[in-house]
Structure formats: structure tokens, C-alpha cells
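For reference, the structure discussed in these notes is given below.
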Amino acid sequence: MTNDYVMTINGAAVASELMIDVVNPATGQVFAQAPDCSTAQLDEAVDAAREAFKMWRKVPIEDRQALVRKAGDLLIKHAPELSRLFTQEQGRPVDAAELEISGAGSWMHAVSQMTPPVHVSEDSATQFVETRYVPLGVICAISPWNFPVSLAMWKAAPALVAGNTMVLKPSPFTPLCTLRIGQLFSDIFPPGVFNVISGGDALGPMMTAHPGFAKISFTGSSATGKRVMETAAKDLKRITLELGGNDAAIVMPDVDLDEVAEKIFFGAFFNTSQICVATKRLYVHDSIYDDLRDRLVAIAQRTKVGDGSEQGTSLGPIQNERQYRRVLELLEDARNTNLTLLQGGEIPNNGGYFIPLTIVDNPPESARVVQEEAFGPILPMLRFTEIEDVIERANNSEYGLAGAVWSKDTGKAMEIARRIETGTVWINQNLMLRPDTVFGGHKHSGLGVENGMEGLLEYMAPQAVYLARS
Ligand code: NAD
């Protein structure tokens with residue numbers, strides 16, 4: 001078992017007295033341990049970040065951008081070796097793991113080219129008035145286990161470009177790659193600018209309650225997001241919350257199923273459906289419903305689910321036991337309520353957290369599997385005939401993260417897309433996100449945004465400067 005993982009606090013490698021176990025979800029076995037950060041170590045990290053902020057905010061933005069770019073280079077360089085560790089802790093097959101890590105590096109490159117604007121409202125003989133943006137201070141960054149590297153870098157890159165410093169905490173289920181990245185980046189950023197700590201369930205609440213943070217950037221479930229917001233209110237910390245979703249996709253009768261079936265399948269099942277913006281409710285026009293259902297079941301049957309470290313595996317296990325139990329419970333509920341479950345092929349029977357790829361055949365709207373975010377490979381497929389009806393059903397959710405429309409009539413699809421009450425809508429594609437385009441949830445799916453210029457500015461505060469000229 002490996003237990004040489006360390007935190008990065010004030011540029012130094014820091015071990016801890018207590019450790020947390022890290023489980024390989026493909027086997028259910030503990031394979032490594034990570035530090036369990038103490039209260040004193042959290043204080044140390046926040047103090048170091050506060051001290052470093054005084055210096056980092058004065059570093060010219062071009063130099064901060066250059067360092068973020070170098071950090072991106074380092075991620076790309078180390079992606080092949082980190083990807084094996086990623087697969088062990090997260091479960092996703094190695095090739096796709098490598099893509100996440102190198103993709104996060106490229107994302108950092110793109111963010112490193114962004115510069116906050118300065119707006120001039122008046123530049124006259126009597127007045128000069130500008131609005132500029134200033135950094136906030138120390139950012140508390142908390143990330144989830146489904147995309148552990150990219151979602152952490154979505155926070156680090158803009159926060160550091162903006163002139164903030166950061167203490168980042170990965171999920172207790174997937175701490176290892178992030179800890180390694182903390183060490184790699186300690187060669188790039190001055191001590192205290194980018195700190196990485198890890199710990200068990202107690203550490204997140206300890207961080208959000210810590211008075212030394214200026215802002216919390218949180219990605220995780222809506223339930224936890226609400227607790228984060230409550231805690232942040234005590235000292236009015238700024239917050240960005242990227243939370244859960246129950247995304248609907250609407251498939252119109254004119255689609256070419258040869259063209260779209262595979263894309264729709266992977267939009268629902270990629271990463272074993274553990275994606276905030278995966279298709280989680282698939283509304284299909286009655287006239288093509290049976291055909292698409294049979295095709296999706298056939299794809300499920302030929303998709304290899306297994307240990308991501310084995311060649312030929314397309315989809316890995318559920319990432320952790322807690323989530324595995326939750327998905328099993330939803331499956332059980334579907335069986336108990338006599339829903340029709342159509343399942344994919346074999347899954348390994350070795351103690352790993354594997355669930356067969358499951359399509360639920362036209363359940364009622366009220367079924368739990370339709371109403372709740374499963375965050376696992378159970379896709380409810382629902383029939384519709386009337387467009388007004390399906391738009392209403394798609395929007396009838398407390399969530400509002402993303403959605404998709406599939407149709408050859410792109411004009412009509414645009415019209416439908418604009419009526420979907422979510423932060424992102426895709427037409428004839430899915431899972432597409434860009435560093436220069438805003439991403440955020442409506443309703444219970446979040447507060448604030450990441451990415452794009454709006455995402456960068458969430459790490460800054462506007463400051464209006466008035467100069468009297470005469
Ligand atoms: P989670 O809410 O259980 O945990 C997320 C992080 O919060 C972890 O690091 C955890 O240790 C920490 N945490 C737990 N309790 C806390 C508390 N009381 N205070 C502060 N921190 C706390 O979420 P998860 O299970 O890791 O992730 C899955 C969820 O995340 C899904 O709902 C998914 O849709 C959502 N998600 C959203 C986005 C997005 O961008 N909108 C992206 C990925 C995942």
C-alpha cells in the first residue's frame with residue numbers, strides 16, 4: 001500500500017499524523033492512504049495563503065498568466081503517469097483519464113490568456129471614471145470525485161490569474177492525483193499561492209467555516225451546496241456553487257438514428273453516468289421510441305464495463321461505495337415498482353462497485369429514477385408526442401444545469417433549446433464545454449458561474465475609481 005502522498009502547504013511537502021484510506025473502486029480494496037489534515041494544518045495553509053496573497057496580488061497579471069500557463073504545460077507532461085493513478089482512485093479507463101488531465105492542462109492555457117476588463121464610464125475634462133477588478137483574497141476550493149482533476153483546475157486557473165491564492169481540497173474519495181499536482185505545482189508557484197490539503201468528511205465543513213477565506217468555490221451535490229451557503233453566510237464569504245443536475249434530452253422524430261444513437265448513449269453513460277451534465281432523462285418522440293430504445297440497449301450490451309486499467313474497457317465502476325449503494329437502492333426501487341429494466345452485458349463480480357448499464361423503459365414521470373439525480377448508469381427513457389408537453393416535463397425539475405435537443409430542423413431545435421430552463425443547452429451534441437464560455441446552473445443546480453470571462457470575474461470584486469479633473 002502506498003502512503004507517501006503529502007499535502008502542499010506553503011510550498012512544502014507536509015505529512016499528517018492521521019491518514020484516510022483510498023479505495024480502488026474496481027476492486028473495492030484500499031490501495032493507498034492520504035493525509036488527514038488537522039485543524040492546525042488547515043490554519044497553517046490559510047495563514048500561508050493569506051501571507052502569499054499580499055505579494056501575489058502585486059505580481060503583474062502577465063507574470064501570473066505565464067505561471068498558470070507553465071502549470072498547464074506540467075499537467076500535460078505528466079498526464080500519462082498521472083492517468084494510471086487517476087484510474088486506480090477514480091475508476092475511469094486510463095485513456096479517458098489521460099484526456100481529462102491533459103485537457104485540464106490545455107484549459108489552463110486558455111484561461112491564462114484571459115485578462116479582466118477595465119470599463120471607462122467617463123473620460124472628460126471634468127471626470128475620469130473607471131471600473132476595474134481586484135482579487136478577493138484566499139479562495140477555499142472544494143472539488144468532487146467525478147472529474148477530480150479538471151474541476152479542480154477550473155478553479156485554480158482563474159483564481160490564480162485573478163491574483164488570489166488558494167487552498168484546494170479534493171474529495172476524500174479521489175485525493176491522490178490532486179495531491180501529486182500540488183507537489184508538481186510547488187516548483188512553479190511561490191510558496192503559499194497554491195496549497196493542497198486532504199482529509200475526511202470533517203475537513204470540508206472545517207474549511208467553509210474558517211474565517212480566513214474570502215470566497216468558497218464549491219463543486220458537488222446540491223444538498224452539500226446548501227450547507228456550504230449556510231456556513232458562508234456567517235461571515236459573508238463570496239460563493240460559487242456548481243451543483244447537481246437532472247438533465248433532460250429531447251429527441252425529435254426527424255433525427256437520423258444511425259447518426260445520433262451512439263452520441264446519445266455516451267451523453268448518458270460516459271464516466272459511468274457520473275457527470276453533472278449527463279443526460280439523465282431521455283424524452284423520445286413516440287414514433288422513433290422503440291427503434292432508439294433497441295439501439296441503445298444493443299450499444300449497452302456491447303459496451304465493456306470493467307476495471308479501467310484493463311485494455312478494452314469503455315466504462316469503469318461507480319466511484320465509491322456510498323454512491324454505489326445509492327444507485328443500487330434506486331435500482332431496487334425501480335424493480336419494486338415494477339418498472340421495466342433493460343440491461344447491458346456482463347459486469348465483473350470481484351468486489352468492485354459495478355452496476356450493469358440500465359435503460360428504464362418508459363417509467364411514469366413520478367418514478368424516483370426520473371425525479372432524482374441517479375449519478376449512475378440508470379437512464380429513464382420516456383415517450384412523448386406533443387412538443388409543448390415535453391418542454392413542460394423537461395422543465396419540471398428543481399434542477400437546471402443542462403439539457404439537449406436532437407433534431408435535423410435546427411431552427412425548431414433552437415426555439416426549443418431557448419425554452420429549456422437550464423444554464424447550458426446543446427443541440428445535436430452533448431457534454432461540450434469550453435474555457436471561454438460560461439458554465440453554471442439555474443435553480444438548485446448552482447449559484448454563480450465558472451468559465452468564460454464571467455467565471456474569471458467571480459474571483460474578483462469590481463472597484464469604481466472616480467477622478468475629479470477640475
Ligand atoms: P458532495 O457534495 O458529496 O462532495 C463534494 C465535495 O464537498 C467533497 O470534496 C466533499 O468532501 C465536500 N463536502 C462534503 N460535505 C461538506 C460540507 N458540509 N461542507 C463543505 N464541504 C463538504 O458531492 P460528490 O458526491 O463528491 O459529487 C457528486 C455531485 O456533484 C453530483 O450531484 C454532481 O451532479 C455534482 N457535480 C456538479 C458539477 C457542476 O459543475 N455543476 C460538476 C461535477 C459534479
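Please read all numbers here as calculations on a predicted model, not as lab measurements. Indexing begins at 1, ligand by ligand and atom by atom, following the structure's order.
Listed by chain and residue number, the protein contacts of ligand 1 are I142, S143, P144, W145, N146, L151, K169, P170, S171, P172, G204, P205, T208, F218, T219, G220, S221, T224, R227, V228, E242, L243, G244, G245, C276, E373, F375, L401, F439 (heavy atom within 4.0 angstrom).
Within the structure, every pair that satisfies the ring pair (Phe, Tyr, Trp, His ring centres under 6.0 Å) test and touches residues 202-230, not counting sequence neighbours, is listed here: H210-F213. The ring pair (Phe, Tyr, Trp, His ring centres under 6.0 Å) contacts involving residues 13-46 comprise nothing, where partners must be two or more places apart or lie in separate chains.
Looking at Y459 and T240, their side chains never bring a donor and an acceptor atom within 3.5 Å of each other.
Between K155 and E242 there is no salt bridge, since no side-chain N of the basic residue sits under 4.0 Å from a carboxylate O of the acidic one.
Judged by the 6.0 Å and 45° rule, R92 forms a cation-pi pair with F147.
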Listed pairs under 3.5 Å, donor-acceptor, residues 168-188 side chains, sequence neighbours left out:
from	atom 1	to	atom 2	distance (Å)
S171	OG	F173	N	3.1
Q183	NE2	T8	OG1	2.9
S186	OG	Q183	O	2.6

